[in-house]
Amino acid sequence: MTHIEADPHLPIIRITREFRASPARLLRAHTEPELFARWIGPDTLQTRVEHWDARTGGSFRYVSVRDGEEWAFRGCFHEIRPDRLVQTFTYEGDPDGVALNTLWFDELGEGRTRLRTQSLVDSFESRDSWLKSGMEVGLQDGYRKLERMLSNDAG
């Protein structure tokens, strides 16, 4: 189950979910473009990776597509470590809105990992707008796809 929480004192969204996979496999699903494109976003969207340089100092751009309509996202990989990924994230439809995302891959033993994410945005209004945007549907759908992918074939 995915837990989504808005910090009452800071413009931060925190998300927690456990997966049946090692931290290395979960990190790989977040950093290899072919794997990432398979699970990110709602079930109703297809993702096309246009640029992907997953290394500390690298960057990315991908496009989500449904019925000919497109939404593009981009960012920079600030740091990639086996236990942590730090990156920026921008929806190109709101180019002034930049989130700083930190993901932690906490090994729980017995092949399980707790994924914790924190997204810091520039204002409470931006945070609340993200929460009302339908992000929860995309997040839940995406994490279900990720869980299935990790259970079936990803590395």
What pairs with T56 under side-chain hydrogen bond (donor to acceptor under 3.5 Å, both in side chains), at least two apart in sequence or on another chain?
none
Steps toward salt bridge (Lys or Arg N to Asp or Glu O under 4.0 Å) verdict (R114, E107):
CA-CA 6 Å; R114 179 178 299 120; E107 186 165 7; over 6 Å; no
Going by atom types alone, do D53 and S59 pair a side-chain donor with an acceptor below 3.5 Å?
no
Please tell me whether S126 and S129 have a donor and an acceptor in their side chains that are separated by less than 3.5 angstrom.
no
Sequence neighbours excluded, the answer for side-chain hydrogen bond (donor to acceptor under 3.5 Å, both in side chains) partners of E32 is R28
Is the distance from the ring center of F19 to that of Y143 below 6.0 Å?
yes
Between F36 and F60 (judged by ring centroids, cut-off 6.0 Å), do the two rings come close enough to count as a pair?
no
How far apart are the C-alpha atoms of H30 and F105, what are their side-chain angles, what is the distance that settles it, and do they pass the ring-ring contact (aromatic ring centres under 6.0 Å, His included) test?
CA-CA 11 Å; H30 283 80; F105 306 97; 5.7 Å; yes
For the residue pair T44 / R66, report whether a side-chain donor-acceptor contact shorter than 3.5 Å exists.
yes
Closest heavy-atom pair, A54 versus I80, reported as atoms and distance to 0.1 Å, is C-CD1, 3.5 Å
Determine the interplanar angle of the F89 and W130 rings, folded into 0 to 90°, and report it as parallel if under 30°, tilted if 30 to 60°, perpendicular if over 60°.
perpendicular
Could you give the distance from OG1 (T117) to CG (L103), rounded to the nearest 0.5 Å?
5.5 Å
Does a side-chain heavy-atom distance below 4.5 Å link N101 with T88?
no
What do the steps show when you test V98 against D122 for side chain to side chain contact (heavy atoms under 4.5 Å, CB included), and what is the final call?
CA-CA 7 Å; V98 179; D122 64 350; over 6 Å; no
Before you tell me yes or no, could you show the steps for E50 and R48 under salt bridge (Lys or Arg N to Asp or Glu O under 4.0 Å), namely the whole-Å CA-CA distance, both residues' side-chain angles and the distance that decides it to 0.1 Å?
CA-CA 6 Å; E50 296 198 332; R48 179 181 71 239; 3.0 Å; yes
Do W52 and F77 have their ring centres less than 6.0 Å from each other?
yes
